[in-house]
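Encoded as structure tokens, the structure appears first; notes follow it.
These numbers come from the heavy atoms of this one structure, side chains and all, not from hydrogens, waters or symmetry mates. Letters A, B, ... are given to chains in the order of the sequence lines, protein chains preceding strands, and every chain is numbered from 1.
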Amino acid sequence: MQFDFATIAGLIIGLTVVTLAIMSGSDMRIFFNLPGFFIVFGGTFAATLIKFPLTGIFISIPVGVRAAFTVQKERPRDYIRQAIQLVKRARKSGIQTIEKNNLKNPFFKKGVQLCADGRELDYIRKILTQEMAMAIQREELGGKIFRAIGDTAPAFGMFGTLVGLVQMLANMSDPSSIGPAMAVAMLTTLYGVLMANLIALPIADKLESKSSEDKALRSLIIECVFQIQQMQNPTAMLEILEPHLPEKQRQGAANAGAYTAGRDSKGSR
Amino acid sequence: MQFDFATIAGLIIGLTVVTLAIMSGSDMRIFFNLPGFFIVFGGTFAATLIKFPLTGIFISIPVGVRAAFTVQKERPRDYIRQAIQLVKRARKSGIQTIEKNNLKNPFFKKGVQLCADGRELDYIRKILTQEMAMAIQREELGGKIFRAIGDTAPAFGMFGTLVGLVQMLANMSDPSSIGPAMAVAMLTTLYGVLMANLIALPIADKLESKSSEDKALRSLIIECVFQIQQMQNPTAMLEILEPHLPEKQRQGAANAGAYTAGRDSKGSR
Amino acid sequence: MQFDFATIAGLIIGLTVVTLAIMSGSDMRIFFNLPGFFIVFGGTFAATLIKFPLTGIFISIPVGVRAAFTVQKERPRDYIRQAIQLVKRARKSGIQTIEKNNLKNPFFKKGVQLCADGRELDYIRKILTQEMAMAIQREELGGKIFRAIGDTAPAFGMFGTLVGLVQMLANMSDPSSIGPAMAVAMLTTLYGVLMANLIALPIADKLESKSSEDKALRSLIIECVFQIQQMQNPTAMLEILEPHLPEKQRQGAANAGAYTAGRDSKGSR
Amino acid sequence: MQFDFATIAGLIIGLTVVTLAIMSGSDMRIFFNLPGFFIVFGGTFAATLIKFPLTGIFISIPVGVRAAFTVQKERPRDYIRQAIQLVKRARKSGIQTIEKNNLKNPFFKKGVQLCADGRELDYIRKILTQEMAMAIQREELGGKIFRAIGDTAPAFGMFGTLVGLVQMLANMSDPSSIGPAMAVAMLTTLYGVLMANLIALPIADKLESKSSEDKALRSLIIECVFQIQQMQNPTAMLEILEPHLPEKQRQGAANAGAYTAGRDSKGSR
Amino acid sequence: MQFDFATIAGLIIGLTVVTLAIMSGSDMRIFFNLPGFFIVFGGTFAATLIKFPLTGIFISIPVGVRAAFTVQKERPRDYIRQAIQLVKRARKSGIQTIEKNNLKNPFFKKGVQLCADGRELDYIRKILTQEMAMAIQREELGGKIFRAIGDTAPAFGMFGTLVGLVQMLANMSDPSSIGPAMAVAMLTTLYGVLMANLIALPIADKLESKSSEDKALRSLIIECVFQIQQMQNPTAMLEILEPHLPEKQRQGAANAGAYTAGRDSKGSR
């Protein structure tokens, strides 16, 4: 697991741009307004609490933040190599021998276990597909929560501005106070726009793209498990699995031997 | 049935934030405007009446409110345990003996009854699927009504503000009255924004997420009933049903015995 | 056929709210502006004319208005009862005897006729499905037209306001005329908002919900016809068809006899 | 081919409404602003050029305009009659004799040719479906282009207004010039709203509805060709094809003879 | 590969229109505001960085820009001709002889290679479909990134305007500075509107239309490969493949001979 440089760089650049924009023309302090911040943040938090199940929120927000800031170092290529090694072993020593393996991905491990147990293809498909559906649904909840935050924040920003305008208009005794009062009223709209467009919506998009990556990865693993269960010929297997990889990670069927030769003793990396 | 803490906490926090926002800068009373409230509430109510069938509204709004504020304490795990117990009994004493059971969920009970009656799988699937479709549709209507309210309230808020502005502009004899008149005109927009974003849309989202939870639960029950009808082996059954559970509620197939051992006499839970 | 109380009550409440809102602060007359009304109404009518086929408009608008203001008193329950009676007769005297029946719904009658003619299931499915698709499409056109009106009216409201503002700004010789001129300019926006949110969009929603009700009803009838064609056992038939009914309209299979006993002579109600 | 009265009437009514709206309160000339028109038109044209392939634009815009202003006088009923005549001939003199026919619709003609060539059903289905997909795609491009114009025009209207406001605000030496300058700035927004809502979006809707009409027509023709290939019995054929017609264009199976009797010599209409 | 004239012409026309619009009423310099530009550009860039995987951005943006500005000169017609030549050779000298060919499209070449290797249809379908899915997904990412830019730019434009207004309102000591300050504040909104509507959204649309063109092309190639694998009769092949072409590129089955006669020695162009 590594930091997701894009997320971090994006946030730093974004906050720098915002800070410079503000400081270019005025004192920074006129942009801080604690009550305004509480209206936007508190209102959005309240609406989000109502929208989602409680456990969903307290699990999905930290999980989502962690997912947005880290990169899973799982390489599809490695799964294909491991699958080919397992098939080779299964063809040599029998399918039940692959029960012992050092796979790290629990989803892959479970699939291989089902093969070693001698399960049928349909049975394996049913279990892995359902397992995948549950995992994807869990991951998507994080994206949905951040999207809901991004949809709600501007509305509470507008609410705060309306409150400020009504207060100002109702007490317009001193004309010279109109300007600063309007400035304060506008701050909540500004907070809402920023919270939505710099933080919540981008993180929602990132989580969605990560959960679709994970879906592709699990689909590849399911395909690998199917090939193992059928004790497919390793060359054909590489040919079938390689189109799942991005172009430049491929090696071509010619190298299928290289994948597996002399590594069985060391096991999968 | 328990209170849904998230909904209640969200509403309390939301209303507190709104109250504090208003009181921080002015007297609370300038934000109360009964005619303005009637425009937004009455207009939204009228439009909702036209949009939905009458019975739908008067049944779905209270049902929806109740669903939004309570949590169903149905645990998928319990259904799996009950299904395994029933299968064990069916394999020992015959499928017709499971007619007597103490299932509380009427949907599950109906499915088990169909098994005890010796119905075929296709027949059971057809009946349970249709039953589920009807229940989901009923639940979704509540979500749709609250979403319609959330879509309409801001429009009537804007209508109220337009009425106020036209009245003010048409009689602009006294410049000093402009400020307060505009303040009052803006209140309806504020009411509309709040009604939509703090109440109607969050409840709509909650209802939608609850109806999709119910859908998952009923899918699990249908799967349970199918396994019972086929008098599946309990260990295989656990393996097939467990992927429907969130990860941390699982026990693994090794414990399948523990589920059923020595509990048959006590019945389910 | 009865009046749809919800639609009528909604319109009356909505218009009352609007009238009170207007009269609470000013003379009603300042809200009447015939040219403004013509801009919004005429522009929306023109755009709608371009959007839809001519026959579609002149048929679908009156049909839609009628559908929105009336309730079809077709009870799914009655169709099930009639189907069971027909099946009983068919099992006693042969399928061709059901040709004579007093079904009122032409779609049901057509399906029963096909059964009496001894058609195969696939053939009946093809014909009824296509017939249903045509009917639903016709009904949906009404909903689409009202939705198009609801989408277009606010745009022409805004157009009218822009025209008014340009005229006012171009001739700003007398400052005291600015207020009333702006008031008039804003009226078209107000008309557009009201036409869309109180009338066109709610009626569009109502028509959509009615056409989806009709779809469910026709699906039930198709299911009934299938059961008749197969001369299904009446008890099983009730069991298969009842899940199509809302919960409280059901009786349970135990009453299947009650449905049919001693009514055959009177025919379906 | 005839003029589409609805499109033309809609445009005339729309332009009349707009003209009257403008002339009711002021000189018409203050609404003409050539630079403003160029900003909205030129910007929208530029964006549309980037969005679509060049050939698509120069073919689809004229084709789209023509389709929007004309009505295809193809009556589904005629196709059914022609199909029945062809089937009657095929059953009498052999399927290869229908090669000679005076069908005018090239899609129907091609399907009949495939039948006369003795092709199999699957082969015919494949070719006609692909042909239909290509034709529909071509027609839909026109709708997409007009929709893109309707989406872009208001944005360039807003751009023009922003340019005008910035120019006015930057040189606010003479207060009396503010009004007229703002009036001019607002004209581009007005042009954008009108171009989108009176012209581009309605035409896009019309083209979409025409391409879905054409889809239904081609589906009917494909169904006709299938019946011909199978040398279906004419009475059954009418029964199968009639549900594709709107209710009032049907005659009922009883008249199937009337369709075909004594017309074979004259050929189709 | 050629320049895409439409994209380039669109951009030139768009920039010309914008420049003329600006220069028609004022000095060009008042529209340049470097800090404003940095707010919109920097904020949008930051949000885009967070939204997408880093490699995706740095690969997809240049690839997308290149795709938007160039036209692939791949003619579907040529693929059909090449496929027919290969089939002719395969029928004469055996399927394995087509391994040697001078196809330039790597996707087509891979499919032909699989045929030459004697693979089965299902196997080929699986590999080519997966390969196509990966390629399309890669191409669609470019469109998504530009669409995200187009969605975000106006929000940061609005943010910049809010910052400018707050600064102006908070320091409203000198009334004469209000105009120019507001002019500067509005510039960011103007930049956002332009960046979205003249550049990002049109390019996103162009990329989407190109990736759907590529999808159609690859579908045609897959169909060609299937025909080759089955060593289809050349005349039937042309009949099956031609409906994939736009109408005016077709020749009719009569010319199938012309395609292949006397060209085998020269190989596919």
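- Across L15(C), I199(C), I30(C), V18(C), the residue that shares the most heavy-atom pairs under 4.5 angstrom with chain B is V18(C).
- Under the side-chain contact (heavy atoms from CB on, under 4.5 Å) criterion, T129(C) pairs with R125(C), sequence neighbours left out.
- The choice from P202(C), A9(C), A216(C) that makes the most heavy-atom pairs within less than 4.5 Å of chain B is P202(C).
- Results of the side-chain contact (heavy atoms from CB on, under 4.5 Å) test with I124(C) over I222(C), I228(C), V225(C) single out V225(C) as the only residue that passes.
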R147(B)/L201(B) under side chain to side chain contact (heavy atoms under 4.5 Å, CB included): CA gap, chis, key distance, verdict: CA-CA 6 Å; R147(B) 189 159 304 282; L201(B) 293 178; 4.0 Å; yes
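- Under the 4.5 Å side-chain criterion, counting only non-hydrogen atoms from C-beta, D4(B) is not in contact with T70(B).
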Worked check of side chain to side chain contact (heavy atoms under 4.5 Å, CB included) between Y191(C) and I39(C): CA-CA 10 Å; Y191(C) 295 160; I39(C) 291 177; over 6 Å; no
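- Contact of S209(C) with chain B is made through the side chain alone, with heavy-atom distances under 4.5 Å.
- In terms of heavy-atom pairs under 4.5 Å with chain C, the best-connected choice from M168(B), K126(B), Q130(B), Q137(B) is Q130(B).
- A 6.0 Å sphere centred on NZ of K144(C) holds no more than 12 heavy atoms belonging to other residues, nucleotides or ligands.
- At a 4.5 Å heavy-atom cutoff, V184(C) makes no contact with chain B through either its backbone or its side chain.
- With a 4.5 Å cut-off on non-hydrogen atoms, L194(C) touches chain B through its side chain but not through its backbone.
- Residue C224(C) comes nearest to L241(C) through the heavy atom pair SG-CD1, 3.9 Å, listed as atom of the first residue, atom of the second, then distance.
- Within the 4.5 angstrom heavy-atom criterion, atoms from both the backbone and the side chain of A236(C) approach chain B.
- Residue E208(C) does not touch chain B at all, counting heavy-atom pairs closer than 4.5 Å.
- Contacts between F41(B) and chain C at a heavy-atom distance below 4.5 Å are absent for every atom of the residue.
- Taking chain B as the reference chain and counting heavy-atom pairs below 4.5 Å, the highest number among A183(C), A204(C), A185(C) is found for A183(C).
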